[in-house]
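A quick note: this is a predicted structure, and the numbers were derived from the prediction, not measured. First listed ligand is number 1; within each ligand, the first listed atom is number 1.
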Amino acid sequence: MKKLVISALAVAAASFIITGCGGDSKQIVRLSHSQIETHPDHIGAQAFKKVVESKLGDKFEVQIFPNATLGANEKVLELIKQGSVQYLVVSTANIESFDKLYSLFSIPYLFTSEEAYNKFISDPKVMEQLGVNSKTNGFTPVTAYTAGTRNFYSKTPIKSVADLQGKKFRVQAGPVNVAMMQAFGAAATPMSFGEVYSALQQSVIDGAENNELALTDQKHGEITKYYTYDLHQMCPDLLVASNAFLDKLTPEERKVFDEAATASQKAEFDAWNAAIADAKKKATDMGVQFITVDVNEFRNKVLPLHEQILGETPALKPLYDAATAANAAAQ
Ligand code: GCU
(Lines give C-alpha, C1' and ligand atoms only; values in the text may rest on other atoms or scores of the structure.)
Protein backbone atom coordinates (compact mmCIF):
# COMPACT_ATOMS: atom_id res chain seq x y z
CA MET A 1 0.00 0.00 0.00
CA LYS A 2 2.80 2.38 0.99
CA LYS A 3 4.62 1.65 -2.26
CA LEU A 4 1.45 2.32 -4.18
CA VAL A 5 0.87 5.69 -2.49
CA ILE A 6 4.43 6.74 -3.19
CA SER A 7 4.25 5.72 -6.83
CA ALA A 8 0.89 7.49 -7.18
CA LEU A 9 2.33 10.68 -5.74
CA ALA A 10 5.48 10.41 -7.83
CA VAL A 11 3.58 9.99 -11.06
CA ALA A 12 1.16 12.78 -10.19
CA ALA A 13 4.00 15.17 -9.37
CA ALA A 14 5.74 14.39 -12.64
CA SER A 15 2.70 14.96 -14.83
CA PHE A 16 4.42 17.65 -16.82
CA ILE A 17 8.03 17.98 -17.80
CA ILE A 18 9.87 20.96 -19.08
CA THR A 19 11.81 20.22 -22.22
CA GLY A 20 14.22 22.30 -24.27
CA CYS A 21 15.84 25.59 -23.38
CA GLY A 22 12.80 27.53 -24.50
CA GLY A 23 10.83 26.05 -21.62
CA ASP A 24 8.17 24.42 -23.84
CA SER A 25 6.26 21.93 -21.77
CA LYS A 26 5.30 18.50 -22.99
CA GLN A 27 2.71 16.42 -21.30
CA ILE A 28 3.89 13.00 -20.27
CA VAL A 29 1.45 10.27 -21.16
CA ARG A 30 2.08 7.22 -19.01
CA LEU A 31 1.19 3.82 -20.39
CA SER A 32 1.48 0.97 -17.92
CA HIS A 33 1.46 -2.77 -18.55
CA SER A 34 2.58 -5.89 -16.74
CA GLN A 35 4.50 -7.77 -19.41
CA ILE A 36 8.18 -7.94 -20.39
CA GLU A 37 9.60 -5.88 -23.26
CA THR A 38 9.39 -8.63 -25.90
CA HIS A 39 5.69 -9.35 -25.22
CA PRO A 40 3.19 -8.40 -27.98
CA ASP A 41 1.49 -5.96 -25.53
CA HIS A 42 4.75 -4.02 -25.35
CA ILE A 43 5.09 -4.04 -29.14
CA GLY A 44 1.56 -2.64 -29.28
CA ALA A 45 2.51 0.04 -26.75
CA GLN A 46 5.53 1.01 -28.84
CA ALA A 47 3.34 1.40 -31.94
CA PHE A 48 1.01 3.61 -29.87
CA LYS A 49 3.92 5.82 -28.79
CA LYS A 50 5.21 6.07 -32.36
CA VAL A 51 1.91 7.31 -33.80
CA VAL A 52 1.29 9.81 -30.99
CA GLU A 53 4.78 11.25 -31.09
CA SER A 54 5.02 11.35 -34.89
CA LYS A 55 1.85 13.48 -35.02
CA LEU A 56 1.80 15.31 -31.71
CA GLY A 57 5.41 15.00 -30.57
CA ASP A 58 5.64 18.72 -29.81
CA LYS A 59 2.94 18.38 -27.15
CA PHE A 60 3.06 14.84 -25.81
CA GLU A 61 5.65 12.30 -24.80
CA VAL A 62 4.48 8.74 -24.25
CA GLN A 63 6.38 6.87 -21.54
CA ILE A 64 5.87 3.12 -21.41
CA PHE A 65 6.13 1.40 -18.02
CA PRO A 66 6.43 -2.39 -18.57
CA ASN A 67 6.73 -5.17 -15.96
CA ALA A 68 4.07 -3.68 -13.66
CA THR A 69 6.64 -1.12 -12.45
CA LEU A 70 3.79 1.26 -11.53
CA GLY A 71 2.03 -1.54 -9.65
CA ALA A 72 -0.20 -4.54 -10.34
CA ASN A 73 -2.96 -3.88 -12.86
CA GLU A 74 -5.70 -3.94 -10.24
CA LYS A 75 -3.94 -1.06 -8.44
CA VAL A 76 -2.96 0.94 -11.51
CA LEU A 77 -6.62 0.97 -12.51
CA GLU A 78 -7.13 3.21 -9.47
CA LEU A 79 -4.38 5.55 -10.73
CA ILE A 80 -6.09 5.61 -14.11
CA LYS A 81 -9.33 6.68 -12.42
CA GLN A 82 -7.47 9.41 -10.54
CA GLY A 83 -5.80 10.51 -13.77
CA SER A 84 -2.17 10.17 -12.68
CA VAL A 85 -1.64 7.34 -15.19
CA GLN A 86 -3.21 7.87 -18.60
CA TYR A 87 -3.23 4.43 -20.28
CA LEU A 88 -3.15 0.87 -19.00
CA VAL A 89 -3.09 -2.50 -20.72
CA VAL A 90 -5.24 -4.66 -18.49
CA SER A 91 -6.98 -8.00 -18.68
CA THR A 92 -10.77 -7.77 -18.77
CA ALA A 93 -10.77 -10.02 -15.69
CA ASN A 94 -9.11 -7.28 -13.66
CA ILE A 95 -11.92 -4.86 -14.53
CA GLU A 96 -14.78 -7.16 -13.50
CA SER A 97 -14.87 -5.80 -9.97
CA PHE A 98 -15.50 -2.27 -11.34
CA ASP A 99 -18.00 -3.21 -14.01
CA LYS A 100 -19.62 -6.62 -14.49
CA LEU A 101 -19.88 -6.16 -18.26
CA TYR A 102 -16.22 -7.09 -18.50
CA SER A 103 -16.92 -10.50 -16.96
CA LEU A 104 -18.25 -11.49 -20.40
CA PHE A 105 -14.79 -12.75 -21.35
CA SER A 106 -14.41 -14.84 -18.22
CA ILE A 107 -17.34 -17.00 -19.29
CA PRO A 108 -15.61 -20.29 -20.09
CA TYR A 109 -15.92 -21.46 -23.71
CA LEU A 110 -17.67 -18.25 -24.75
CA PHE A 111 -15.92 -18.51 -28.11
CA THR A 112 -15.74 -21.62 -30.24
CA SER A 113 -12.69 -20.50 -32.21
CA GLU A 114 -9.83 -18.04 -31.97
CA GLU A 115 -10.99 -16.64 -35.30
CA ALA A 116 -14.38 -15.69 -33.82
CA TYR A 117 -12.70 -14.20 -30.75
CA ASN A 118 -10.24 -12.13 -32.78
CA LYS A 119 -13.02 -10.76 -34.97
CA PHE A 120 -15.19 -9.98 -31.97
CA ILE A 121 -12.54 -8.08 -30.01
CA SER A 122 -11.48 -6.09 -33.10
CA ASP A 123 -15.03 -4.86 -33.67
CA PRO A 124 -15.29 -1.17 -32.63
CA LYS A 125 -18.99 -1.73 -31.80
CA VAL A 126 -17.97 -4.24 -29.15
CA MET A 127 -15.60 -1.69 -27.61
CA GLU A 128 -18.44 0.83 -27.56
CA GLN A 129 -20.81 -1.62 -25.89
CA LEU A 130 -18.19 -2.55 -23.31
CA GLY A 131 -17.60 1.11 -22.58
CA VAL A 132 -21.21 2.12 -21.94
CA ASN A 133 -20.52 2.72 -18.25
CA SER A 134 -17.24 4.52 -18.84
CA LYS A 135 -18.50 7.83 -17.41
CA THR A 136 -19.09 6.26 -14.02
CA ASN A 137 -16.04 3.96 -14.27
CA GLY A 138 -13.63 6.83 -14.93
CA PHE A 139 -11.90 5.00 -17.78
CA THR A 140 -12.68 4.09 -21.37
CA PRO A 141 -11.67 0.97 -23.29
CA VAL A 142 -10.07 2.19 -26.51
CA THR A 143 -8.88 -1.02 -28.13
CA ALA A 144 -8.35 -4.71 -27.42
CA TYR A 145 -5.29 -6.93 -27.76
CA THR A 146 -5.43 -10.67 -28.15
CA ALA A 147 -4.13 -12.69 -25.25
CA GLY A 148 -4.59 -16.02 -27.02
CA THR A 149 -6.23 -18.92 -25.24
CA ARG A 150 -6.04 -19.63 -21.53
CA ASN A 151 -5.13 -23.18 -20.56
CA PHE A 152 -4.19 -25.01 -17.36
CA TYR A 153 -0.60 -25.71 -16.47
CA SER A 154 0.48 -27.62 -13.47
CA LYS A 155 3.13 -29.58 -11.62
CA THR A 156 1.27 -32.80 -12.45
CA PRO A 157 -0.24 -33.62 -15.86
CA ILE A 158 -3.87 -32.64 -16.45
CA LYS A 159 -5.21 -35.11 -19.00
CA SER A 160 -8.87 -35.03 -18.04
CA VAL A 161 -11.21 -33.12 -15.72
CA ALA A 162 -10.57 -35.78 -13.07
CA ASP A 163 -6.95 -34.61 -12.83
CA LEU A 164 -8.14 -31.18 -11.64
CA GLN A 165 -10.07 -32.57 -8.67
CA GLY A 166 -9.07 -31.05 -5.35
CA LYS A 167 -6.18 -29.08 -6.90
CA LYS A 168 -5.55 -25.40 -6.24
CA PHE A 169 -5.17 -23.17 -9.27
CA ARG A 170 -4.33 -19.51 -9.46
CA VAL A 171 -6.93 -17.62 -11.48
CA GLN A 172 -7.36 -13.95 -12.27
CA ALA A 173 -9.62 -12.13 -9.83
CA GLY A 174 -13.38 -12.28 -10.36
CA PRO A 175 -16.34 -14.37 -9.26
CA VAL A 176 -16.74 -16.04 -12.66
CA ASN A 177 -13.26 -17.55 -12.41
CA VAL A 178 -14.03 -18.87 -8.95
CA ALA A 179 -17.30 -20.42 -10.17
CA MET A 180 -15.49 -21.95 -13.15
CA MET A 181 -12.90 -23.68 -10.98
CA GLN A 182 -15.60 -24.97 -8.64
CA ALA A 183 -17.46 -26.40 -11.62
CA PHE A 184 -14.26 -28.19 -12.61
CA GLY A 185 -14.00 -29.61 -9.08
CA ALA A 186 -10.89 -27.60 -8.23
CA ALA A 187 -10.18 -24.65 -5.95
CA ALA A 188 -9.53 -21.14 -7.24
CA THR A 189 -6.86 -18.97 -5.68
CA PRO A 190 -7.16 -15.47 -7.14
CA MET A 191 -3.98 -13.38 -7.00
CA SER A 192 -2.08 -10.81 -9.07
CA PHE A 193 -0.07 -11.95 -12.07
CA GLY A 194 3.25 -10.98 -10.47
CA GLU A 195 2.62 -13.16 -7.43
CA VAL A 196 2.15 -16.42 -9.33
CA TYR A 197 5.79 -17.47 -9.68
CA SER A 198 6.52 -17.50 -5.97
CA ALA A 199 3.13 -19.05 -5.17
CA LEU A 200 4.02 -21.93 -7.52
CA GLN A 201 7.50 -22.17 -6.07
CA GLN A 202 6.22 -22.28 -2.49
CA SER A 203 3.47 -24.75 -3.47
CA VAL A 204 0.73 -22.39 -2.32
CA ILE A 205 -0.90 -23.47 -5.59
CA ASP A 206 -0.60 -26.59 -7.75
CA GLY A 207 -0.88 -24.74 -11.01
CA ALA A 208 -2.24 -21.77 -12.88
CA GLU A 209 -3.86 -20.96 -16.20
CA ASN A 210 -2.74 -18.62 -18.92
CA ASN A 211 -1.48 -18.43 -22.47
CA GLU A 212 1.89 -20.03 -23.31
CA LEU A 213 3.84 -16.78 -22.75
CA ALA A 214 3.47 -17.13 -18.98
CA LEU A 215 5.67 -20.25 -19.12
CA THR A 216 8.58 -18.35 -20.61
CA ASP A 217 8.16 -14.60 -19.99
CA GLN A 218 7.15 -15.16 -16.36
CA LYS A 219 9.29 -18.31 -16.07
CA HIS A 220 6.39 -20.40 -14.73
CA GLY A 221 7.67 -23.25 -16.95
CA GLU A 222 10.66 -23.56 -14.62
CA ILE A 223 8.26 -24.98 -12.03
CA THR A 224 5.25 -26.35 -13.91
CA LYS A 225 6.18 -28.90 -16.56
CA TYR A 226 2.72 -29.77 -17.95
CA TYR A 227 0.61 -27.44 -20.09
CA THR A 228 -2.81 -28.72 -21.16
CA TYR A 229 -4.73 -27.35 -24.15
CA ASP A 230 -8.22 -27.36 -22.63
CA LEU A 231 -8.88 -23.86 -24.12
CA HIS A 232 -11.19 -22.75 -21.31
CA GLN A 233 -11.05 -18.98 -21.91
CA MET A 234 -10.15 -16.34 -24.46
CA CYS A 235 -9.83 -13.22 -22.44
CA PRO A 236 -8.34 -10.11 -24.09
CA ASP A 237 -6.12 -7.39 -22.74
CA LEU A 238 -7.72 -3.98 -23.14
CA LEU A 239 -5.98 -0.68 -23.63
CA VAL A 240 -7.96 1.58 -21.32
CA ALA A 241 -7.59 5.34 -21.09
CA SER A 242 -8.17 7.64 -18.16
CA ASN A 243 -11.23 9.83 -18.71
CA ALA A 244 -9.48 12.62 -16.80
CA PHE A 245 -6.95 12.60 -19.65
CA LEU A 246 -9.31 11.99 -22.60
CA ASP A 247 -11.68 14.75 -21.47
CA LYS A 248 -8.92 17.35 -21.76
CA LEU A 249 -7.93 16.49 -25.33
CA THR A 250 -9.11 18.58 -28.26
CA PRO A 251 -11.13 16.63 -30.88
CA GLU A 252 -8.06 16.68 -33.18
CA GLU A 253 -5.81 15.32 -30.47
CA ARG A 254 -8.36 12.68 -29.54
CA LYS A 255 -8.40 11.56 -33.16
CA VAL A 256 -4.64 10.98 -33.10
CA PHE A 257 -4.79 9.06 -29.81
CA ASP A 258 -7.54 6.87 -31.27
CA GLU A 259 -5.49 6.26 -34.43
CA ALA A 260 -2.56 5.33 -32.20
CA ALA A 261 -4.77 2.83 -30.35
CA THR A 262 -5.83 1.22 -33.64
CA ALA A 263 -2.21 1.03 -34.83
CA SER A 264 -1.21 -0.54 -31.52
CA GLN A 265 -3.88 -3.22 -31.90
CA LYS A 266 -2.59 -4.12 -35.36
CA ALA A 267 1.01 -4.30 -34.14
CA GLU A 268 0.00 -6.48 -31.17
CA PHE A 269 -2.05 -8.88 -33.31
CA ASP A 270 0.74 -9.07 -35.91
CA ALA A 271 3.26 -10.03 -33.23
CA TRP A 272 1.09 -12.65 -31.51
CA ASN A 273 1.48 -15.88 -33.50
CA ALA A 274 5.27 -15.65 -33.74
CA ALA A 275 5.49 -14.92 -30.00
CA ILE A 276 3.43 -18.03 -29.19
CA ALA A 277 5.47 -20.24 -31.53
CA ASP A 278 8.65 -18.94 -29.92
CA ALA A 279 7.29 -19.48 -26.39
CA LYS A 280 6.34 -23.09 -27.21
CA LYS A 281 9.82 -23.79 -28.48
CA LYS A 282 11.48 -22.19 -25.46
CA ALA A 283 9.11 -23.93 -23.03
CA THR A 284 9.81 -27.29 -24.68
CA ASP A 285 13.53 -26.63 -24.17
CA MET A 286 12.73 -25.92 -20.50
CA GLY A 287 11.18 -29.39 -20.30
CA VAL A 288 7.51 -28.42 -20.50
CA GLN A 289 5.23 -31.00 -22.09
CA PHE A 290 2.22 -29.81 -24.09
CA ILE A 291 -0.82 -32.02 -23.67
CA THR A 292 -3.90 -32.13 -25.89
CA VAL A 293 -7.16 -33.31 -24.35
CA ASP A 294 -10.79 -33.96 -25.22
CA VAL A 295 -11.86 -30.29 -25.01
CA ASN A 296 -15.53 -31.28 -24.99
CA GLU A 297 -15.12 -33.10 -21.68
CA PHE A 298 -13.91 -29.83 -20.13
CA ARG A 299 -16.47 -27.69 -21.94
CA ASN A 300 -19.44 -29.83 -20.89
CA LYS A 301 -18.44 -29.55 -17.27
CA VAL A 302 -18.77 -25.75 -17.22
CA LEU A 303 -21.36 -24.99 -19.92
CA PRO A 304 -24.21 -24.77 -17.35
CA LEU A 305 -22.41 -21.68 -16.02
CA HIS A 306 -23.47 -19.70 -19.10
CA GLU A 307 -27.14 -19.64 -18.08
CA GLN A 308 -26.23 -19.02 -14.46
CA ILE A 309 -23.98 -16.03 -15.27
CA LEU A 310 -26.50 -14.49 -17.66
CA GLY A 311 -29.19 -14.93 -15.02
CA GLU A 312 -27.05 -13.10 -12.46
CA THR A 313 -25.98 -10.33 -14.85
CA PRO A 314 -28.68 -9.83 -17.53
CA ALA A 315 -26.82 -6.76 -18.86
CA LEU A 316 -24.36 -9.24 -20.43
CA LYS A 317 -26.97 -10.67 -22.79
CA PRO A 318 -26.50 -8.35 -25.83
CA LEU A 319 -22.73 -8.84 -25.80
CA TYR A 320 -23.16 -12.58 -25.20
CA ASP A 321 -25.48 -12.78 -28.20
CA ALA A 322 -22.98 -10.84 -30.30
CA ALA A 323 -20.25 -13.32 -29.30
CA THR A 324 -22.53 -16.22 -30.26
CA ALA A 325 -23.15 -14.56 -33.63
CA ALA A 326 -19.37 -14.15 -34.11
CA ASN A 327 -18.98 -17.90 -33.42
CA ALA A 328 -21.56 -18.73 -36.09
CA ALA A 329 -20.01 -16.33 -38.62
CA ALA A 330 -16.56 -17.89 -38.13
CA GLN A 331 -17.74 -21.43 -38.84
C1 GCU B 1 -2.12 -12.59 -19.35
C2 GCU B 1 -2.67 -11.23 -19.70
C3 GCU B 1 -2.46 -10.23 -18.58
C4 GCU B 1 -2.99 -10.79 -17.28
C5 GCU B 1 -2.37 -12.11 -17.01
C6 GCU B 1 -2.90 -12.73 -15.71
O7 GCU B 1 -0.72 -12.50 -19.30
O8 GCU B 1 -2.06 -10.79 -20.89
O9 GCU B 1 -3.11 -9.04 -18.84
O10 GCU B 1 -2.76 -9.91 -16.22
O11 GCU B 1 -2.61 -12.99 -18.08
O12 GCU B 1 -3.20 -13.92 -15.71
O13 GCU B 1 -3.01 -12.02 -14.72
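The ring-ring contact (aromatic ring centres under 6.0 Å, His included) with His232 is formed by just one residue from the set Phe169, Phe152, Phe298, Phe105; it is Phe152.
Using cut-offs of 30° and 60° on the angle between ring planes, the pair Tyr229 and Phe290 is parallel. Ring geometry, Phe60 versus Phe245: the interplanar angle exceeds 60°, so the pair is classed perpendicular (tilted spans 30 to 60°). Below 30°, between 30° and 60°, or above 60°: for His39 and Trp272 the angle between ring planes is above 60°, a perpendicular geometry.
At least one side-chain heavy atom of Asn177 sits under 4.5 Å from a side-chain heavy atom of Gln233.
Aromatic rings from Tyr320 and His306 are positioned such that their centres are separated by under 6.0 Å.
Listed as neighbours of ligand 1 are Gln35, Asn73, Ser91, Arg150, Arg170, Gln172, Phe193, Asn210, Asp237, each bearing a heavy atom under 4.0 Å from the ligand.
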